[in-house]
Number of protein chains: 2
Amino acid sequence: MAYRSTERVKARLSASRQRIIAAALEIMAGHGYAGCSVAAVAERAGVATGTVYRHFPTKADLFAEVFRTASQREVDAVARAAAQRTTVAAQMAAVVETFAGRALQSPRLAYALLAEPVDPAVDAERLTFRRAYADLIAGHVAAGVASGELPAQDPELTATALVGALAEAMVGPLAAGVAGPGTIPDLIRFIHRALGVSP
Amino acid sequence: MAYRSTERVKARLSASRQRIIAAALEIMAGHGYAGCSVAAVAERAGVATGTVYRHFPTKADLFAEVFRTASQREVDAVARAAAQRTTVAAQMAAVVETFAGRALQSPRLAYALLAEPVDPAVDAERLTFRRAYADLIAGHVAAGVASGELPAQDPELTATALVGALAEAMVGPLAAGVAGPGTIPDLIRFIHRALGVSP
DNA sequence: GCAAGAAGTGAACCACCATTCAGTCCTTGC
DNA sequence: GCAAGGACTGAATGGTGGTTCACTTCTTGC
């Protein structure tokens, strides 16, 4: 036995894997999922197409991970913003501002993550993305109901509906390229009403 | 010139076209968009695959029309239900009940119309579907604001967000096959709060 | 009945792209 | 240096399913 992979190689492999994921993300941000052929991803990552398959069994597996990575980044940013506020009203305002602000920064990527037609196996990953947002929101809503800041309601349903509302309200602006200046404040008012925040 | 198409032939052509659309709808209701190969649609319609292409230039064109037809039917049903009520609160309750009730009657079709991964050209048609709902709702909201039943708000944004909320809240139940018994009343309460209906 | 021309047929075609694999290059331990 | 075995390559492969088209069948006006 003359070969047993060493730390150095493991690190290189891992770096290579990360480069592939990063390349896929960059292409998604530039040309959407539609532009993400395996060959294009490989070229941008500086490897041969075959190499992609040493890291991921199928294209769907690769993009499941790409979606997972990107989604986690988004959800984390929103969670961090919300955590800095104390009232549910302020927390939800932070959620909207962060979510919408980031989406408008990278509209093509946001569109790919939210709504672009993708392989069904990748689409499944999208569900967990939305679920992560819903869980985050549901936690704040449940706390608000418990503290009496919000009226009694099913936090799960409220959170799911709010995620849908947020996503839908962003798809138009993302397609158009910009949001009207009043969109975000209006959306915050809508969501405050929906939560039952007292005015 | 020995041939100029007559009424009888025109009627037959139109009937054939309708049969193709109907067949596509039936397959969507049974197996989703994924089951809709052109060959399968043709077989169900009782024509050869080539015949489909005498009526529609591409598969995407066929399904754009299929989506348009199915969507119109849904929107009409919802509009009709809402039109029978007098207050905005009751109208929106009717919207939710009709939308959700019909979706749960034909979950596979509803899923295909709302969320299943489809060809991008067909996806575009989905946007107009959602837009039609949003316009319907926006009309009622605007009337409610004008009459003082609802507080001041941007009817367009409210309507868009509500469409997103409705769709998102249905995707889970559609995937699961059933909705919990409380889902629809809870959703109506959510939407009433979001509109600012006074309790 | 017949010529002209449209509608209908379905097997063959083909574009696209994910996936593979035989050959080459590297890394490791001795 | 060298043998063993992994990593890398990228041109070739293959499956899928939308699309075509040469041919057949039907309609029409005379």
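FYI, side chains are in, hydrogens and waters are out, and symmetry mates aren't considered; it's all heavy atoms of this structure.
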Closest to side chain of [X], choosing from [options]:
X: A:Val38; options: D:dT19, C:dT9, C:dA18; value: C:dA18
X: B:Thr58; options: C:dT27, D:dT19, C:dG8; value: D:dT19
X: B:Tyr53; options: C:dG8, D:dG18, C:dT19; value: D:dG18
X: A:Arg54; options: D:dT9, C:dG8, D:dT28; value: D:dT9
X: A:Val9; options: C:dT27, C:dA18, C:dG8; value: C:dT27
X: A:Ser37; options: D:dT9, D:dT19, C:dA18; value: C:dA18
X: B:Val47; options: C:dT9, C:dG8, D:dG18; value: C:dT9

A:Tyr33 and A:Phe63 aromatic centres sub-6.0 Å: yes
Sugar-phosphate only, base, or nothing, as touched by A:Thr49 at under 4.0 Å among non-hydrogen atoms: base
Sugar-phosphate, base or nothing in reach of A:Thr51, heavy atoms under 4.0 Å: base
B:Lys59 charged N/C atom sitting above B:Phe56 aromatic ring, 6.0 Å / 45°: no
Side chains of B:Thr58 and B:Asp61, donor plus acceptor under 3.5 Å: yes
Separation of atom NE2 in A:His55 from atom P in D:dT9, rounded to whole Å: 9 Å
